[in-house]
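Naming convention: chains lettered A, B, ... in sequence-line order (proteins, then strands); numbering from 1 in each chain.
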2 protein chains.
Amino acid sequence: MSDIRVLVVDDDFMVARIHAGYVARMPGFEVVATAHNGADAITAVAGSRPDLVLLDIYLPDMSGLEVLKAISGVDVLVISAARDVPTVREAMRGGAVNYLIKPFAAAALTERLQQYAHTRRQLSAIGPEAGQDDVDRLFGVTGTPPALPKGLSQATCALVATVLREAGRDLSAVETASLTGLSRVSARRYLEYLCGARRAELRPRYGTAGRPEHRYRWIG
Amino acid sequence: MSDIRVLVVDDDFMVARIHAGYVARMPGFEVVATAHNGADAITAVAGSRPDLVLLDIYLPDMSGLEVLKAISGVDVLVISAARDVPTVREAMRGGAVNYLIKPFAAAALTERLQQYAHTRRQLSAIGPEAGQDDVDRLFGVTGTPPALPKGLSQATCALVATVLREAGRDLSAVETASLTGLSRVSARRYLEYLCGARRAELRPRYGTAGRPEHRYRWIG
DNA sequence: GTCGTAGTGGTCGTATTGGTCGCAACCGGC
DNA sequence: GCCGGTTGCGACCAATACGACCACTACGAC
């Protein structure tokens, strides 16, 4: 896959240079332009066709929020010292993929860029038609009990949950497999899901030579 | 707090009515208008000043995505049979708070509306200035665990960190091993990682016969 | 000052499990 | 009746902790 093309926008020449340096050092990313005001940013978006824009809010000629509304077809990561709630909210509404408050650690930017790259890979892996579960993943469903991922069935899930609850103790993947009649792989998948849904917890057991054993316990 | 004002947009009169019915039955929500094409939707946004728009993509006069770009100052929840990836992506970029694929269960809409109400309460509870952690919550940071080096597991890392924090004093590698139940080698690896991540500090202790002892202290 | 000793830091090989990929069987829709 | 999608499984690959060994550093005895 080709590199992710990035446009860096910051009124401070030095800051823009630093941000560009961070991005350039990230494998898989490439800085295609920098801009120091809103008008140049909009021109650069049209000219360089970046995939992602690192956008400052405080610009000499216009607000970064206006730039955000003016451009389309690109993703935007806001990087700004502006931390008032209305600005953050407007950035969200404008479709910013993330928002980083200055000053920030280099690792924070790195992390968000990696997250962006990951989301991008997810997008390209979906296929022609998205399902509701794909969409939910993209929009980051939080708090809501995640719908069963593809490949998991309601009945089997209930079976695994029942066995784990009735056991009254923690079970390993192989034990669960034996008790339910499923294969180890399937049992593990469902146990993993129950963990993600906060209906079970995972605690590794050490002491044996070899890789630690994952033991699952029901926590309804 | 006053109700959340909702504008329902769908070209199909009956569908709009059904959606409006769902919303009206939700406590804390209020339908202030309905629209059946893009132009009416834009007018209604200006006239009724809703907080949230339930927006269809397929409209007779223009695409819902165009409507999304044309309106501002309101949140948008896309409800559409359109499930191709570019459309979903463009909706994300346009700042849609969520995306529901038709047909959907009534519970799915209810869930998303509740999630929206929850996010809204979070927003108003933040105060005048947002911190990075507030922003992360809003953007649904799933907390990408800062990629541990190969050979280290998330669960074990959490275990070691917890033991070290709860100890309230500095611990040696052997003490940590005994308290966590893992071997000295593994304990030391995780302690070393925590030091590198600035979550613990290392101070050698002398006075004992034998090689000086490395003592680790939690510095969250 | 030198050497012995003690006790831990660090590395390497190994064991045993976790996790992934592709396939087969089944099911519902056109 | 065919076909795309879903669900579970077998087999492989990789991960992760342990045991054993060597190395290193301070203290104490002479």
Side-chain angles (χ1 to χ4, degrees), chain A residues 118 121-122 125-134 147-161 163 170-196 200-217, chain B residues 81 83-84 101 103 145 147-161 163 170-196 200-216:
Chain A
H118 181 251
R121 277 195 300 274
Q122 273 197 332
I126 286 180
E129 301 237 310
Q132 185 66 55
D133 54 340
D134 295 321
L148 264 62
K150 291 283 189 199
L152 275 65
S153 77
Q154 187 59 46
T156 312
C157 183
L159 171 64
V160 173
V163 164
D170 52 359
L171 295 176
S172 72
V174 278
E175 282 172 333
T176 309
S178 148
L179 285 172
T180 54
L182 297 164
S183 77
R184 181 185 66 89
V185 178
S186 302
R188 198 191 58 76
R189 272 178 68 122
Y190 283 93
L191 289 168
E192 187 79 13
Y193 163 73
L194 289 174
C195 273
E201 69 174 359
L202 162 64
R203 204 171 23 180
R205 168 167 294 179
Y206 312 99
T208 73
R211 183 168 174 153
E213 188 183 47
H214 285 193
R215 299 198 70 86
Y216 300 85
R217 177 187 292 268
Chain B
R83 49 189 293 180
D84 58 304
I101 294 174
L148 274 70
K150 290 287 186 193
L152 276 64
S153 78
Q154 187 61 42
T156 309
C157 185
L159 172 66
V160 172
V163 164
D170 51 359
L171 294 176
S172 72
V174 278
E175 283 172 331
T176 309
S178 149
L179 285 172
T180 53
L182 33 86
S183 77
R184 181 184 64 87
V185 177
S186 303
R188 197 186 59 74
R189 271 177 68 124
Y190 283 94
L191 288 169
E192 187 163 313
Y193 164 74
L194 289 175
C195 273
E201 68 176 359
L202 163 65
R203 207 171 20 181
R205 166 170 294 179
Y206 311 97
T208 73
R211 182 169 174 156
E213 190 182 45
H214 286 193
R215 298 199 69 85
Y216 300 86

Check the distance between [N]'s [atom2] and [X]'s [atom1] and give it to me in whole angstrom.
| X | N | atom1 | atom2 | value |
| --- | --- | --- | --- | --- |
| A:L159 | D:dG8 | CG | C1' | 13 Å |
| B:L152 | D:dC18 | CG | P | 12 Å |
| B:Y206 | D:dC27 | OH | P | 9 Å |
| A:Q154 | D:dT6 | CD | C1' | 15 Å |
| A:R189 | C:dT17 | CZ | P | 22 Å |
| A:L171 | C:dG18 | CG | P | 12 Å |

Is [X] close enough to [N] that one of its side-chain N or O atoms is under 4.0 Å from OP1 or OP2 there?
| X | N | result |
| --- | --- | --- |
| B:Y190 | D:dT16 | no |
| B:S183 | D:dC18 | yes |
| B:S153 | D:dT16 | no |

Q) Looking for any heavy atom pair under 4.0 Å, which part of the strands does B:S172 touch: base, sugar-phosphate only, or nothing? A)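 No contact.
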Q. Are B:L152 and B:Y193 close enough that some pair of their side-chain heavy atoms sits under 4.5 Å apart?
A.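 A side-chain contact exists here, since the closest heavy-atom pair is under 4.5 Å.
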(Q) Do B:D170 and B:R205 make a side-chain contact, defined as non-hydrogen atoms from C-beta onward lying under 4.5 Å apart? (A)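 Yes, close enough: below the 4.5 Å cut-off.
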Q: Answer with yes or no whether the side chains of A:T180 and A:Y190 bring together a donor and an acceptor at under 3.5 Å.
A: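 No pair is found: no donor N or O on one side chain lies under 3.5 Å from an acceptor on the other.
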**Q.** Polar side-chain contact B:R184-C:dG10 base: donor and acceptor under 3.5 Å
**A.**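 Side chain to base: pair present.
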